[in-house]
Novice: 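Sharing a structure below in structure tokens format, with a few things to ask.
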2 protein chains.
Amino acid sequence: MDTLILSGPDIRRLVAHVGLDTLMDTLIERLTQAFEGYDAQTTRIPIRSGFSYDHPASGLVEWMPCLGASPQGSPHVAIKVVGYHPENPARHELPTILSTVSAYDTATGHLLAMMDGTFLTALRTGAASALATEALAVPEADTVGLIGTGAQAVTQLHALTRVRPIRRVLAYDVQPGVLASFPQRIARFGAHLTVETASAEAIVEQADIICTATSIEVGAGPVFGPAVPKPWAHFNAVGSDFPGKTELPADLLRQSFVCPDFRAQAIQEGECQQIDAEQIGPSLYEVLQQPDRYADQRQRLTVFDSTGWALEDHVALHLFLSYAAELGLGTRLPIESIWDDPHAPYALASTPTLATTP
Amino acid sequence: MDTLILSGPDIRRLVAHVGLDTLMDTLIERLTQAFEGYDAQTTRIPIRSGFSYDHPASGLVEWMPCLGASPQGSPHVAIKVVGYHPENPARHELPTILSTVSAYDTATGHLLAMMDGTFLTALRTGAASALATEALAVPEADTVGLIGTGAQAVTQLHALTRVRPIRRVLAYDVQPGVLASFPQRIARFGAHLTVETASAEAIVEQADIICTATSIEVGAGPVFGPAVPKPWAHFNAVGSDFPGKTELPADLLRQSFVCPDFRAQAIQEGECQQIDAEQIGPSLYEVLQQPDRYADQRQRLTVFDSTGWALEDHVALHLFLSYAAELGLGTRLPIESIWDDPHAPYALASTPTLATTP
């Protein structure tokens, strides 16, 4: 009984075949369907948990489980394990976020598939911001501000270009090298975009849509100083994902329609940590389930508090798996020990000789 | 950057090379060291969590994380994901427990290794009972009673033969076929053992050491009726691992020195659910850390409440990995997407062309 493994090279082949735009568009479409159809009675998503530590590096490893229906209708457990190590790029030339995602069959507990979660996380975090932006930003928004231009900013921008007529990009990063290389890193989709560097405050004041995707340290936020955003500005706050780690000023949150991806989690580790319960708006799936009710919010300040929701991983996993099946990608390995007699773990050892029976 | 995968066939080769007795003895030794050295300040083990469901099968998928030191001294995260589906053997000819275990590098979050956890779980559950039996059963104990003779009973018995002079085995299972095949399934190590079938109550009355390893349903325990055990009897209660699922009578627990593997978890899902906090004794690691203090307990009724502790998986994982390294076993796959520039997820797509920069 095999497990399908989709490796980094498989993802590369998959992306080359499907194309980044189609992949992002399809993920946005699937995510939208999943959010619109989300029902807490049938889809179970606990708040994520993890280990954080300061040695040997400052970082954390978290697990994000989800019990939900696969596209074929049978329930699957998806578990993403995600590492966050902000020193990875400088110290190891590795992405800050490294991850894998696994799918388990609820009929037997069998590990059906395991795949890279590093690219998946970047892609689905972008797609989630596209959903929020579509719901909460003005339709004519054409200027995106990026505070933090690392790996996540690439997919944020790409996703936004799929739902809004983006022409102009204002960018800032605390690391000049990471800022300087940004245009090159978006070349695959962003040839028509004007990228300008600006201060974080100028970005907040000039952009229609602002994405914060930083590795700001616990207690060190917000990531910009005093600035007056446009009255209709929409923020996607992507980097706030740990107790004490926040990117936006509490004042801004209090003036805004704040929409978390997953309220219970956002209260613990998102921007919602900074405000009172009654200042928190509906979760994104509620907004998508009642579009008419929330359509007017586009005209005011809005914040998508994106902590990362396991439903997004579940949907992205199944999208990648369906493409992989179509393209015949992946490696199959019999990871679990299966014995001829399911009660006989030692059947795997040498030839049996009968024991004495009375 | 590769991940080492140890598959079922790799485990088979490893066992063939190392030998079951050496493997069990070494695991017992490593587990003893780990329990003796356990320090909650440096090793972090949350209570396990999971999803349980009734469709498409009655079952659960749980995750068991542990942050602890590897044998090389650097901290690793180990996460076991374990499925429990008691209908697996009859419906799918699969083990009740299917599992995989993964190890993550805390320097970067990289998935170092992933391996079968099905054989590992059976082996380490046996080894844990050996530790408890060594600490709490009389040295001359030679009769083992097994209530439930499935996969876990095989490794329970094997482990006990490594720490006590076992000669006689009394066995019972609700499924006659599973009972009848037991002698054959222990042939690899048990040729010198006399296996007799008996009622659960006769087993409790006659055995020095009783292992309960059943798939009793929630609320359906205990697994035996009125019976008076020997005054020095030691119980390894292995099957109690879910809220409401218990194997032993509460009265027996109240008369016994009850030693959980992990108190906080045993209170929620072990035999300890049935008794008051003050009736629960020290956890097994505490007994092993103060052997003189608890040596007298061997003369009385004792119960090891084995819910399954993630430290056991951590230790077993690293033992298998060290053997695998020695024997050159396993498959290496680059599961995580790694990009030439760690900030450039779209570097995996086609040839870049520069975006316009002002």
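Since this is a predicted model, take the numbers as computed values, not measurements. Proteins get letters first, then strands, A, B, ... in listed order; numbering begins at 1 in each.
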Novice: Out of A/Phe189, A/Tyr84, A/Tyr53, A/Phe182, return the one with the most heavy atom pairs under 4.5 angstrom to chain B.
Specialist: A/Tyr53

Novice: Taking every non-hydrogen pair under 4.5 Å, which of B/Gly150, B/Pro56, B/Ser99, B/Pro46 racks up the most with chain A?
Specialist: B/Pro56

Novice: Which one of A/Val154, A/Val61, A/Thr118, A/Thr108 has the most heavy-atom pairs closer than 4.5 Å to chain B?
Specialist: A/Thr108

Novice: Could you report the tightest heavy-atom contact between A/Ser102 and A/Leu317, atom names first, then the distance?
Specialist: O-CD2, 4.1 Å

Novice: Ignoring hydrogens and angles, tell me if any N or O in the side chain of A/His314 forms a donor-acceptor pair with the backbone of A/Ala69 under 3.5 Å.
Specialist: yes

Novice: Would you give the length of the straight line joining atom CG of A/Asp21 to atom CZ of A/Arg188, rounded to the nearest 0.5 angstrom?
Specialist: 6.5 Å

Novice: Nearest 0.5 Å, what's the CZ-CG distance between B/Arg332 and B/Leu4?
Specialist: 5.0 Å

Novice: Is there a donor-acceptor pair closer than 3.5 Å between any side-chain N or O of B/Asp54 and the backbone N or O of B/Ala57?
Specialist: no

Novice: Is it the side chain or the backbone of A/Tyr104 that comes within 4.5 Å of chain B heavy atoms, both, or neither?
Specialist: side chain

Novice: Between B/Leu111 and chain A, with a heavy-atom cut-off of 4.5 Å, which part of the residue counts as in contact: side chain, backbone, both or neither?
Specialist: side chain

Novice: For chain B, find which of A/Ile11, A/Val81, A/Asp341, A/Ile338 contributes the most heavy-atom pairs closer than 4.5 angstrom.
Specialist: A/Val81

Novice: Looking at A/Ala153, A/Gly83, A/Ala122, A/Gly109, which one has more heavy-atom pairs under 4.5 Å with chain B than the rest?
Specialist: A/Gly109

Novice: For B/His158 and A/Tyr346, I'd like to know if the aromatic rings sit close, meaning centre-to-centre distance below 6.0 Å.
Specialist: yes

Novice: Please rank A/Leu6, A/Leu60, A/Leu94, A/Leu120 by heavy-atom pairs under 4.5 Å with chain B and give me the top one.
Specialist: A/Leu94

Novice: Enter the distance from B/Thr149:OG1 to B/Gln156:CD here, rounded to the nearest 0.5 Å.
Specialist: 12.5 Å

Novice: Whether the A/Thr121 and A/Lys80 side chains hold a donor-acceptor pair (N or O, under 3.5 Å, no angle test) is what I'd like checked.
Specialist: yes

Novice: What part of B/His343 lies closer than 4.5 angstrom to a heavy atom of chain A: side chain, backbone, both or neither?
Specialist: both

Novice: I would like to know whether B/Leu23 and B/Phe320 meet side-chain contact (heavy atoms from CB on, under 4.5 Å); could you show each step before the answer?
Specialist: CA-CA 9 Å; B/Leu23 186 59; B/Phe320 278 100; 4.3 Å; yes

Novice: At a 4.5 Å cut-off on heavy atoms, which part of B/His110 comes close to chain A: side chain, backbone, both, or neither?
Specialist: both

Novice: Please classify the contact of B/Thr331 with chain A as side chain, backbone, both or neither, using a heavy-atom distance under 4.5 Å.
Specialist: side chain

Novice: CE/B/Met1 to CD/B/Glu336 distance, rounded to the nearest 0.5 angstrom?
Specialist: 5.0 Å

Novice: Based on non-hydrogen pairs under 4.5 Å, which of A/Thr155, A/Asn88, A/Thr106 is most in contact with chain B?
Specialist: A/Thr106

Novice: For A/Leu333, is it the side chain, the backbone, both or neither that has a heavy atom under 4.5 Å from a heavy atom of chain B?
Specialist: side chain

Novice: What residue, out of B/Glu93, B/Met114, B/Arg44, has the most heavy-atom pairs lying under 4.5 Å from chain A?
Specialist: B/Arg44

Novice: By a 4.5 Å heavy-atom criterion (distance strictly below it), what part of B/Pro65 contacts chain A: side chain, backbone, both, or neither?
Specialist: both

Novice: Sort B/Ser49 into side chain, backbone, both or neither according to what part of it lies under 4.5 angstrom from a heavy atom of chain A.
Specialist: neither

Novice: Give the intermediate values and the outcome of side-chain contact (heavy atoms from CB on, under 4.5 Å) for residues A/Met115 and A/Thr100.
Specialist: CA-CA 6 Å; A/Met115 68 169 285; A/Thr100 49; over 6 Å; no

Novice: Specify which of B/Gly8, B/Gly50, B/Pro9 makes the most heavy-atom pairs with chain A at under 4.5 Å.
Specialist: B/Gly8

